[in-house]
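Sequence positions, counted from 1, serve as the residue numbers for this chain. Because the structure is predicted, anything quoted here is derived from the model rather than measured.
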Amino acid sequence: MTDAAALPGQPRGGVLTGPATARAVNVLAPNPSAMTLDGTNTWILSEPGSDLAVVVDPGPLDDGHLRHVVATAEQAGKRVALTLLTHGHPDHAEGAGRFAELTGTRVRALDPALRLGDEGLAAGDVITVGGLELKVVPTPGHTADSLSFHLPADQAVLTGDTILGRGTTVVAHPDGRLGDYLDSLRRLRSLSVDDGVHTVLPGHGPVLEDAQGVVEYYLAHRAKRLAQVETAVEDGYRTPTEVVAHVYADVDRSLWPAAELSVRAQLDYLEEHGLI
């Protein structure tokens, strides 16, 4: 068995559902798959002693899960006062409308199409609810509308799908762009180096205890894959499908369609920079 401390980001072992930090509780959605890992992490955030809570990523349109999130907050003496979205993929956002009905909350997101209410989210926004403070960090790349949320009091960041608790994420071409994604990783590295963030609360998978370590791993992984794709093209593999079969031969074939999205994003990046 591999020691978790030796893995990228030092993933925390144990049950995924439950308290993760002093202000964050995870309710795991029942939608496990090769893409969603154990399922979507729905985060309930609240300042200790406050009776108000914020929910990040209600998850899929699963009424049982959505009601369980509400019940978990209520059992802790909290009322959900606001819903936030890291991005619009259905496993994170499809249940937001129904969740808003159950809680009477607004839904704030970067994409206007996902919002319920007049307020959206933008870089530099500071959200305060019941004494809880969250800072909005733009992290496009996985998707154009991807955001992270910095929780300074816990030295933590909620990353959605930008950083996962296990494995690496997809740059979802054409909406996702590799150049944006690399910039987002560097922005998260700055949070870890300059702002003391050490805990990653991801959209899927376990909590990570070493934010800087996992960001460095992601940057190195992307650089390696990009070099492999560039070499594959030089060796005559021209189409995304051909490149995937060559470069991702060690990856489960069920993940090749997702890998092809990342390859398309990498090919675009290489073309934009005059490398192929």
Original post:
What distance separates Arg98 CZ from Leu66 CG, expressed to the nearest 0.5 Å?
Top reply: 7.5 Å
Original post:
Is any side-chain heavy atom of Pro202 less than 4.5 Å from a side-chain heavy atom of Ile163?
Top reply: no
**OP:** Could you tell me whether the side chains of His87 and Asp111 share a donor-acceptor contact shorter than 3.5 Å?
**Re:** no
Subject >> Test: Asp125 and Lys135 ion pair at under 4.0 Å >> reply: no
**OP:** Step by step, work out the salt bridge (Lys or Arg N to Asp or Glu O under 4.0 Å) result for Asp51 and Arg79.
**Re:** CA-CA 6 Å; Asp51 62 353; Arg79 176 178 65 83; over 6 Å; no
**OP:** Identify whether Val70 and Leu116 are in the same connected component of the hydrophobic contact network (ILVMFWY, side-chain heavy atoms under 4.5 Å).
**Re:** no
**OP:** Before accepting this row, confirm whether a basic side-chain N of the pair Asp38/Arg166 lies closer than 4.0 Å to the acidic partner's carboxylate O.
**Re:** yes
Original post:
Trp256 and Ala245: which non-hydrogen atoms are nearest, and at how many Å?
Top reply: CH2-CA, 3.8 Å
**OP:** Mind listing the closest non-hydrogen atom pair of Pro58 and Thr42 along with its distance?
**Re:** O-OG1, 3.1 Å
Original post:
Between Ser50 and Gly130, is there a donor-acceptor pair closer than 3.5 Å when you use the side chain of the first and the backbone of the second?
Top reply: yes
Original post:
Is any side-chain N of the basic residue among Arg67 and Glu74 closer than 4.0 Å to the acidic one's carboxylate O?
Top reply: no
Original post:
What's in the same ILVMFWY side-chain cluster as Leu151, cut-off under 4.5 Å, chained through other members?
Top reply: Trp43, Leu45, Leu52, Val54, Val56, Leu82, Leu84, Leu110, Leu121, Ile127, Val129, Leu132, Leu134, Val136, Leu147, Phe149, Leu158, Leu201, Val207
Original post:
Are Leu188 and Leu7 connected in the hydrophobic side-chain network, where two residues link if heavy atoms are under 4.5 Å apart?
Top reply: no
Original post:
Hey, are the side chains of Arg115 and Val107 touching, using non-hydrogen atoms and a 4.5 Å cut-off?
Top reply: no
Subject >> Closest approach of Val157 to Ser148 (non-hydrogen atoms, all atoms of both residues) >> reply: CG2-CB, 4.0 Å
Original post:
Between Asp195 and His150, do the side chains contain an N or O donor and an N or O acceptor separated by less than 3.5 Å?
Top reply: no
**OP:** Could you tell me whether Arg238 atom CZ has more than 12 heavy atoms of other residues or ligands within 6.0 Å of it?
**Re:** yes
Original post:
Looking at CD of Gln228 and CD of Gln266, how far apart are the two atoms once the value is rounded to the nearest 0.5 Å?
Top reply: 9.0 Å
Original post:
Going through the checks in order, is the side-chain contact (heavy atoms from CB on, under 4.5 Å) test met by Lys78 and Ile44?
Top reply: CA-CA 10 Å; Lys78 315 286 185 180; Ile44 302 173; 5.7 Å; no
Original post:
Hey, mind stepping through Arg108 and Thr83 against side-chain contact (heavy atoms from CB on, under 4.5 Å) and telling me if it holds?
Top reply: CA-CA 6 Å; Arg108 295 181 62 180; Thr83 302; over 6 Å; no
Original post:
Can you name the closest pair of heavy atoms from Glu133 and Pro152 and give their distance?
Top reply: O-CD, 3.5 Å
Original post:
Is Gln75 reaching over with its side chain to a backbone N or O of Thr72, donor-acceptor style, under 3.5 angstrom?
Top reply: no
**OP:** Return yes when atom CG of Asp194 has more than 12 non-hydrogen atoms of other residues, nucleotides or ligands closer than 6.0 Å, and no otherwise.
**Re:** yes
Original post:
Are Val263 and Leu275 linked, directly or through other ILVMFWY residues, by side chains that come within less than 4.5 angstrom of each other?
Top reply: yes
Subject >> Residue pair Asp62 / Pro30, side-chain heavy-atom distance below 4.5 Å >> reply: yes
Original post:
Step by step, would you call Leu185 with Arg189 a side-chain contact (heavy atoms from CB on, under 4.5 Å)?
Top reply: CA-CA 6 Å; Leu185 291 176; Arg189 178 171 59 187; over 6 Å; no
**OP:** Applying side-chain contact (heavy atoms from CB on, under 4.5 Å), name anything that partners Ala211, two or more places apart in sequence or on another chain.
**Re:** Ser192, Val197, Val200
Original post:
If you group Ile, Leu, Val, Met, Phe, Trp and Tyr by side-chain heavy-atom gaps below 4.5 Å, do Leu85 and Val55 land in one group?
Top reply: no
Subject >> Donor-acceptor pair between Glu260 and Thr241 side chains, under 3.5 angstrom >> reply: yes
Subject >> Pro240 vs Leu267 side-chain heavy atoms within contact, under 4.5 Å >> reply: yes
Original post:
Charged N to carboxylate O under 4.0 angstrom, Arg23 versus Asp154?
Top reply: yes
Original post:
Is it the case that Arg225 places NZ or CZ above or below the six-membered ring of Tyr248, under 6.0 angstrom from the centre and within 45 degrees of the axis?
Top reply: yes
Original post:
Just one of Asn26, Thr36, Asp57, Thr17 clears the side chain to side chain donor-acceptor pair (under 3.5 Å) bar with Asn41, so which one?
Top reply: Asn26
Original post:
Between Val171 and Tyr269, is a side-chain contact (heavy atoms from CB on, under 4.5 Å) present by the stated rule, with each step listed?
Top reply: CA-CA 11 Å; Val171 179; Tyr269 180 89; over 6 Å; no
Subject >> Any Val233 side-chain heavy atom under 4.5 Å of Glu230 side chain >> reply: no
Original post:
Do the non-hydrogen side-chain atoms of Thr21 and Gln155 ever get within less than 4.5 Å of each other?
Top reply: no
Subject >> Taking every non-hydrogen atom, the tightest pair across His89 and Ala172 >> reply: CE1-CB, 4.3 Å
Original post:
Residues in side-chain contact (heavy atoms from CB on, under 4.5 Å) with Ser184, at least two apart?
Top reply: Thr139, Pro140, Arg187
Original post:
Quick one: are Asp210 and Thr199 in side-chain contact, heavy atoms under 4.5 Å?
Top reply: no
Original post:
Quick one: OG1 on Thr143 to CG on Asp180, what's the gap to the nearest 0.5 Å?
Top reply: 10.0 Å
**OP:** Indicate whether any N or O donor in one side chain lies under 3.5 Å from an N or O acceptor in the other, for Ser146 and Thr162.
**Re:** no
Original post:
Do you see a donor-acceptor pair shorter than 3.5 Å between the side chains of His142 and Asp161?
Top reply: yes
Subject >> For Pro60 against His65, the heavy-atom pair lying closest together >> reply: CD-CD2, 4.4 Å
Subject >> Beyond-backbone contact of Tyr218 with Leu164, side-chain heavy atoms, under 4.5 angstrom >> reply: yes
Original post:
Would Leu61 and Leu114 show up in the same hydrophobic cluster when neighbours are defined by side-chain heavy atoms closer than 4.5 Å?
Top reply: no
Subject >> CG on Leu208 to NE2 on His198, rounded to 0.5 Å >> reply: 12.5 Å
**OP:** Drop me the distance from His92's NE2 to Asn31's CG, to the nearest 0.5 angstrom.
**Re:** 8.5 Å
